[in-house]
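The residues of the chain are indexed from 1 along the displayed sequence. Worth saying up front: this structure is predicted, and the values here are computed from it rather than measured.
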Amino acid sequence: MKHVLIPTDLMPESDAIWQYMLPLLRITGADVHFVHAVDDLFVKEERDHIGAEGVDKITSDLVYKMRSEADAGMQRLLDRVKETLEAEGMPNAVNGSVHNGVAEDVILGVAADIHPTLIVMGSHDHHKLDRLFFGSVTQAILKHAQYPVLAIPEKYTYKPIREVLYMSDLDTEDVYSAGKLINLFSELPFKLHVTHFNLDGEDKDAALYAIADTIRANYHEVPVEFDVIDARILRDAYKQYISMKQIDLIAVTNRKQRGVNKFLHQSTAVDVLYHSKLPVLVFHKS
């Protein structure tokens, strides 16, 4: 873990996101880049009533005010983070940037520039800032980002990552994702649970064994447990498994839905992210 990108709304309540990362930053020495997007607002109805010139002036003044406030808010955030790191003797580099534009485009653009090892975002399903923290922005990042995304529930307090659940679809992508996960947290002494939740009742043991053999052959440093769990309802099954195994982190690979399915069904990654009370690490199909 070398570079961490954290999109932020610059509100003090969002400090829980970077505070969650502190133990990992201490271990890895990764640098941190915060990014904030200022929407360029334009209201067509106001143009019709006020006239193009008047609306342009109002819009320009509003965007300028929003940008000035955002720049000041970013500086306050960086001051808080740097003060915390210095107090704890952590030498991690910290910087931030504010950009005008659509949030998902800004985040993906910065990610393309700095090539983060990890993008860290907040998640919450009942919040006035849904759009930034879970809605269209987060889903756009999950859909288009080429980097792992770690979503942290609001106000979640860091716990040592000792038990990690990787939800397997039993395809070759799971081998790559498990490798990325192991490399990402290579400094942590954790146990990995590669688990397939079987909803159709067919025998999946052979497919899991094939994946298990490959992972064991390539990664010896992390203890790995492999399971097939027969279940009727996915959400109930993984919640029970999480409780039983005392899971600290969930990992899943986001696979694109095709055809009608993408309109009728959320991907497993989105479903888990929306309902999880634990941090969720999302990889992307290669």
Side-chain angles (χ1 to χ4, degrees), residues 1-8 17-18 20-25 27-35 92 103-104 106-123 132-134 137-153 156 158-169 171-188 190-195 211 215 218-219 221-222 224 238 247-256 266-274 276 278-286:
M1 192 183 300
K2 295 182 178 179
H3 309 287
V4 176
L5 175 63
I6 305 181
T8 177
I17 298 170
W18 62 264
Y20 172 90
M21 291 297 298
L22 286 175
L24 296 175
L25 296 176
I27 293 170
T28 63
D31 60 23
V32 184
H33 186 101
F34 292 92
V35 60
N92 310 65
E104 53 262 41
V106 167
I107 295 167
L108 292 170
V110 173
D113 288 338
I114 70 173
H115 304 291
T117 311
L118 186 67
I119 300 174
V120 182
M121 302 184 72
S123 66
L132 175 61
F133 284 144
F134 181 79
V137 174
T138 300
Q139 293 201 41
I141 301 305
L142 291 180
K143 182 177 180 181
H144 297 292
Q146 301 300 311
Y147 309 95
V149 177
L150 177 60
I152 302 171
Y156 183 84
Y158 178 83
K159 299 175 183 177
I161 299 174
R162 295 194 173 98
E163 305 287 337
V164 178
L165 166 63
Y166 176 77
M167 297 177 62
S168 170
D169 275 355
D171 65 26
T172 55
E173 195 69 28
D174 291 331
V175 175
Y176 299 112
S177 293
K180 292 174 186 176
L181 192 157
I182 291 169
N183 289 330
L184 191 62
F185 298 121
S186 60
E187 303 293 332
L188 303 179
F190 69 95
K191 180 177 181 180
L192 176 60
H193 302 260
V194 178
T195 305
I211 292 173
I215 293 176
N218 288 280
Y219 303 98
E221 63 274 27
V222 174
V224 187
Y238 70 69
I247 298 299
D248 306 302
L249 175 72
I250 305 170
V252 63
T253 296
N254 190 36
R255 293 169 171 85
K256 293 182 179 180
Q266 290 181 326
S267 70
T268 299
V270 171
D271 184 80
V272 172
L273 180 62
Y274 188 82
S276 177
L278 294 174
V280 178
L281 175 61
V282 182
F283 296 101
H284 305 281
K285 190 173 179 65
S286 299

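Under a 3.5 Å cut-off, the side chain of N218 and the backbone N or O of I215 do not form any donor-acceptor pair. Listed for the S186 side chain is a donor-acceptor partner under 3.5 Å among the backbone atoms of N183. Proximity of a side-chain donor or acceptor of D31 to a complementary backbone N or O of N92 within less than 3.5 Å is not detected. Looking only at distances, a side-chain donor or acceptor of D248 sits under 3.5 Å from a matching main-chain atom of R162. Using a distance-only test at 3.5 Å, with no hydrogens or angles considered, a donor-acceptor pair links the side chain of T117 to the main chain of K2.
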Going through the checks in order, is the side-chain contact (heavy atoms from CB on, under 4.5 Å) test met by F283 and N254? CA-CA 6 Å; F283 296 101; N254 190 36; over 6 Å; no
As a quick check of understanding, evaluate side chain to side chain donor-acceptor pair (under 3.5 Å) for H144 and E104, giving each step before the final call. CA-CA 9 Å; H144 297 292; E104 53 262 41; over 6 Å; no
May I have the step-by-step check of side-chain contact (heavy atoms from CB on, under 4.5 Å) for I141 and L108, ending in yes or no? CA-CA 7 Å; I141 301 305; L108 292 170; 3.8 Å; yes
Derivation and outcome, side-chain contact (heavy atoms from CB on, under 4.5 Å), residues Y166 and D174: CA-CA 9 Å; Y166 176 77; D174 291 331; 2.5 Å; yes
Tell me, with the steps shown, if F190 and L181 meet side-chain contact (heavy atoms from CB on, under 4.5 Å). CA-CA 11 Å; F190 69 95; L181 192 157; 3.7 Å; yes
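Atom CZ of F185 sits about 5.0 Å away from atom CE of M1, to the nearest 0.5 Å.
When side chains are defined from C-beta on, L150 does not count as touching M121, because their heavy atoms never get closer than 4.5 Å. Side-chain atoms of I182 and E221, non-hydrogen and from C-beta on, do get closer than 4.5 Å to each other. M21 is not listed as a side-chain neighbour of Y158, based on a closest heavy-atom distance of 4.5 Å or more. With a 4.5 Å cut-off on side-chain heavy atoms, I17 and I6 count as touching. Counting only heavy atoms from C-beta outward, the side chains of L118 and L5 never approach each other to under 4.5 Å. Residues D169 and T253 are not in side-chain contact: their nearest non-hydrogen atoms beyond the backbone lie 4.5 Å or more apart. Contact of the L184 side chain with the L281 side chain is registered, since non-hydrogen atoms from C-beta on lie closer than 4.5 Å. When side chains are defined from C-beta on, V164 does not count as touching H193, because their heavy atoms never get closer than 4.5 Å.
Closest of all the heavy-atom pairs between Y20 and I161 is OH-CD1, 4.0 Å. Summarising the geometry of P116 relative to A111, their closest heavy-atom pair is CD-O, 3.3 Å, with the distance given to 0.1 Å. Contact detail for T172 and Y176: the closest heavy-atom pair is O-CD1, 3.5 Å. In plain terms, the two heavy atoms of I247 and L278 that are nearest each other are O-CD1, 3.3 Å. Of all heavy-atom pairs spanning Y238 and V272, the tightest one is OH-CA, 3.6 Å. Listed here is the closest heavy atom pair of V280 and L249: N-CD1, 4.3 Å.
Of the N and O atoms on the side chains of H284 and Q146, not one donor lies less than 3.5 Å from an acceptor on the other residue.
Under the side chain to side chain contact (heavy atoms under 4.5 Å, CB included) criterion, K159 pairs with Y156, sequence neighbours left out.
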